[in-house]
Amino acid sequence: FGALHGRQNGGFFCLFFGVDRNTLVESRIGGFDRRFIHRKLYLEDVVGESVEVAICIDTSGSIGGDELGAFMDEIQGILDAYPQIRGTLFFADADLYGPHEFSKDAPIPKARGGGGTAFEPFFDWVAQQERGGSQHLSIYFTDGYGSFPRALPESPVLWVVMPGGLESTGFPFGEVA
């Protein structure tokens with residue numbers, strides 16, 4: 001999410017791969033993807049593993065073309081850096097559009113939306129997947145202004161918030177980047 005925030009902090013990657021930067025020990029460096037160590041991103045080498053992710057992009061009326069383009073660029077950047085990522089992509093305003101399967105080899109579909117913002121439809125889908133025994137890392141690209149679900153998801157959630165979006169204290173669950 002460097003393009004959205006103008007900095008590299010590694011929060012997304014540390015959450016994504018379950019790496020705690022504060023507990024790393026030098027003897028474990030051999031198990032990390034060395035392509036990112038120079039950026040102080042200690043990512044576990046996941047070659048050969050497939051990672052399942054559910055991504056939702058806020059396409060409400062408050063998200064302009066520039067923000068939507070930045071969200072799409074971030075998703076493409078994730079897929080370029082981690083080709084083993086596969087998952088489900090949604091677009092959402094007050095309604096949920098999808099699912100669209102995505103991977104490194106599949107094009108990102110055209111966005112739909114333009115209405116108000118409700119986070120509930122996406123997290124209803126997440127809850128349905130959890131009841132079926134499936135847990136994904138959920139990533140929601142948004143400005144943060146919308147209605148949140150009452151029930152908290154069991155699986156990890158990362159909110160990627162554009163500059164000028166809702167402050168991190170306004171999110172009732174998940175990690176905010």
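Only a predicted model underlies this, so the values are computations on that prediction, with no experimental measurement involved.
A search for side-chain hydrogen bond (donor to acceptor under 3.5 Å, both in side chains) contacts involving Thr117 returns Ser60, not counting sequence neighbours. With sequence neighbours excluded, the residues that form a side chain to side chain contact (heavy atoms under 4.5 Å, CB included) with Glu130 are Val126, Gln135, Pro153, Glu154, Ser155. Residues satisfying the ring pair (Phe, Tyr, Trp, His ring centres under 6.0 Å) test with Phe102, not counting sequence neighbours, are none. In terms of the side chain to side chain contact (heavy atoms under 4.5 Å, CB included) criterion, residue partners of Pro149 (sequence neighbours excluded) are, by chain and number, Phe119, Glu120, Phe123, Phe173. Among residues two or more places apart in sequence or in another chain, the side chain to side chain contact (heavy atoms under 4.5 Å, CB included) test is passed with Arg150 by none. In terms of the ring pair (Phe, Tyr, Trp, His ring centres under 6.0 Å) criterion, Tyr97 has no residue partners (sequence neighbours excluded). Legend: residues meeting side chain to side chain contact (heavy atoms under 4.5 Å, CB included) with Ala54, ordered by chain and number and at least two apart, are Phe122, Trp125, His136, Ser138.
The CG atom of Asp124 sits 9.0 Å away from the CG atom of Leu96 when rounded to the nearest 0.5 Å. Between Ile57 atom CD1 and Leu89 atom CG the span is 5.0 Å, to the nearest 0.5 Å. Note that CD of Glu175 and CH2 of Trp159 are 12.5 Å apart. Values are rounded to the nearest 0.5 Å. Going from atom CZ of Phe91 over to atom CD1 of Ile55 covers 10.0 Å, rounded to the nearest 0.5 Å. Atom CD1 of Ile78 and atom CG of Asp73 lie 11.0 Å apart (nearest 0.5 Å). For the atom pair CE (Met162) and CD1 (Ile63), the distance works out to 4.5 Å, reported to the nearest 0.5 Å.
Closest approach of Ser62 to Asp143, counting heavy atoms only: OG-OD2, 2.6 Å. Closest approach of Gly115 to Asp93, counting heavy atoms only: N-OD2, 2.9 Å. In terms of heavy-atom proximity, Pro99 sits nearest to Thr88 at CB-CG2, 3.2 Å. Of all non-hydrogen atoms in Met72 and Pro109, the two that sit nearest each other are CE-O, 3.9 Å. The two residues Phe141 and Glu74 make their nearest non-hydrogen contact at CE2-CB, 3.7 Å. Here the closest non-hydrogen pair linking Ile108 and Ile75 is CD1-CG2, 3.8 Å.
Here the side chain of Thr59 pairs a donor or acceptor atom with the backbone of Ala92 at under 3.5 angstrom. Checked by atom type and distance alone, the side chain of Asp58 never pairs as donor or acceptor with a backbone atom of Thr142 at under 3.5 Å.
In this structure the side chain of Phe171 never reaches within 4.5 angstrom of the side chain of Val157, judged on heavy atoms.
No hydrogens or angles considered: a donor-acceptor pair under 3.5 Å links the side chains of Gln76 and Asp80.
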